[in-house]
Amino acid sequence: MSIIVKDVTKIYGKQKALNNVTFEIKTGEIVGFIGPNGAGKSTMMKIITGFIPQTSGDVSVNGCDVVEKSMQVRKNIGYLPENNPLYHDMYVKEYLEYVAGLYHLKNTTSRIKEMLERTGLIEEQNKKIGALSKGFKQRVGLAQAMIHNPKVLILDEPTSGLDPNQIVEIRNLISEVGKEKTVMLSTHIMQEVEAICQRIIIINKGSVVANDYTQNIHTQSNKNHQTIIVEFNKAVKAKHLETIKGIVKVVNIKDNNWLLQSNIEDDIRTNIFDFAVKNKIVVLSMQKKEKSLEEVFQELTKK
Ligand code: ADP
């Protein structure tokens, strides 16, 4: 079950929320859709699930156009909307029975039991949804998204507002479910995609700014850039350090500890070492500092 998004633009009144967005999610992938607030994540997900139409461009799920074959697409998609709207006065099991009815499912009883088990809701099934903790409400949201056994899951900010323990539980559940489904999840937390997703699509101000395997984005952005943290045994002048071949930035961290930066591909540690030997300085420690994915994300989305 693949998702193909081609040249999609969405304009609300005068507000352009998506600008020529193109990407593909292949069968069985878990893809993180990440971007700051207002980037267009929810809008994109609502278009894929057929809740709102795009202004222009094409979207298909497993070869079915989401506008022309909306009903067929919805059967194949499970959707957990942002803020997980639920009927708070309904009981968990009752609510799942209601959702199963909407999909005209046949084996309702066994299907609901299976969902309650998978999402860890057996003990809560006779409680009112409104009385549940946020983490359990999120499980109910996931159960309703999966009840018709869709091949594709679209999860909009599935862990937002949860405490750290609940976040881990929901992430584990998504990873487990992702083994047999195509999953697209949105978040503004980089660690989330690192923990669950094989691939990430970064969106900023309605445009895709990166789309690659998590590891590739990391490697690529560290390729033409090096940061070295070094400690010398005695005082050195910044001006003197600037003469080291390849160094473009020199920052004193503390005492004889320095941050040296280059924008070349070669390893500058040899140059630093040669400089120290030539000037009779001892290098007490030297370590390479890689940009974290969080920093890469910030760079890509602040432009
Ligand atoms: P995200 O999910 O990444 O936070 P959204 O898709 O919710 O971003 O919003 C993208 C942009 O579209 C924002 O500028 C937002 O204000 C605007 N927007 C979203 N929904 C509507 C709407 N129904 N009417 C007008 N503008 C909207």
Side-chain angles (χ1 to χ4, degrees), residues 3-25 29-61 65-67 70 73-74 77-86 134 137-138 141-142 144-145 152-162 166-167 170-171 174 178 182-212 214 217 293-303:
I3 301 171
I4 298 175
V5 173
K6 198 161 178 291
D7 296 330
V8 168
T9 292
K10 174 71 186 178
I11 302 168
Y12 294 106
K14 285 184 184 158
Q15 170 81 38
K16 198 181 243 189
L18 295 172
N19 186 15
N20 265 313
V21 172
T22 296
F23 62 82
E24 191 176 335
I25 296 180
E29 274 190 312
I30 304 186
V31 172
F33 196 50
I34 177 161
N37 287 331
K41 303 181 296 295
S42 295
T43 300
M44 190 69 249
M45 293 182 141
K46 283 180 199 157
I47 292 172
I48 294 172
T49 49
F51 271 73
I52 57 169
Q54 63 270 35
T55 308
S56 62
D58 297 302
V59 180
S60 65
V61 175
D65 186 280
V66 296
V67 178
S70 168
V73 167
R74 284 183 201 207
I77 287 187
Y79 177 36
L80 177 69
E82 197 183 14
N83 303 323
N84 186 17
L86 295 169
K134 185 118 208 262
K137 283 193 186 110
Q138 211 66 356
L142 280 169
Q144 71 74 28
V152 178
L153 272 183
I154 306 282
L155 312 174
D156 200 351
E157 302 266 358
T159 60
S160 97
L162 302 185
Q166 294 167 335
I167 288 178
I170 296 292
R171 279 183 190 166
I174 295 169
T182 304
V183 180
M184 177 182 187
L185 70 96
S186 80
T187 176
H188 57 274
I189 312 164
M190 202 68 202
Q191 292 95 314
E192 188 122 309
V193 284
E194 281 188 276
I196 325 180
C197 306
Q198 300 131 358
R199 196 153 66 84
I200 55 181
I201 297 172
I202 304 181
I203 182 170
N204 188 39
K205 294 185 185 145
S207 298
V208 172
V209 292
N211 176 0
D212 209 333
T214 317
I217 290 187
L293 268 177
E294 195 70 47
E295 288 169 301
V296 175
F297 171 68
Q298 279 164 5
E299 269 175 30
L300 286 169
T301 56
K302 77 177 174 218
K303 283 175 199 156

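As the structure is a prediction and not an experimental result, all values here were calculated from the model. Start at 1 and go down the list; that is how both ligands and their atoms are numbered.
Contact annotation: for Lys41 versus ligand 1, heavy atoms closer than 4.0 Å belong to both the backbone and the side chain. When heavy-atom distances to ligand 1 are checked against a 4.0 Å cut-off, Ser186 has no atom that comes that close, whether in backbone or side chain.
Scanning the protein heavy atoms around atom 12 (O) of ligand 1, the nearest turns out to be Ala17 CB, 3.4 Å. Counting only heavy atoms of the protein, atom 19 (C) of ligand 1 lies nearest to Tyr12 CE1, 3.4 Å.
Without hydrogens or angle criteria, Thr187 side chain to Ile34 main chain gives no donor-acceptor distance under 3.5 Å. Looking only at distances, no side-chain donor or acceptor of Thr182 sits under 3.5 Å from a matching main-chain atom of Glu29. Side chain of Asn84 to main chain of Lys137: a donor-acceptor pair is present (N/O by atom type, distance under 3.5 Å, no hydrogens or angles). Side chain of Asn83 to main chain of Pro85: no donor-acceptor pair is present (N/O by atom type, distance under 3.5 Å, no hydrogens or angles).
For atom 15 (C) of ligand 1, no protein heavy-atom neighbour is present inside the 4.0 Å cut-off. Closer than 4.0 Å to atom 26 (N) of ligand 1 lies at least one heavy atom of the protein.
Between Glu82 and ligand 1, no pair of N/O atoms sits closer than 3.5 Å.
Not a single heavy atom of Gly35 sits under 4.0 Å from any atom of ligand 1.
Pro158 and Gln138 get closest at one heavy-atom pair: O-NE2, 2.6 Å.
Of the listed residues (Thr187, Ile52, Ile11, Thr43), the one carrying the non-hydrogen atom nearest atom 6 (O) of ligand 1 is Thr43. Of all the listed residues (Gly38, Gly40, Ser42), Ser42 holds the heavy atom that lies closest to atom 7 (O) of ligand 1.
Taking the side chain as every heavy atom from C-beta outward, Met184 and Ile48 approach each other to under 4.5 Å.
For Arg74 and Phe51, the positive end sits near the middle of the six-membered ring, less than 6.0 Å away and at most 45° from its axis.
Those atoms of ligand 1 with a heavy atom of Asn37 less than 4.0 angstrom away are 4 (O).
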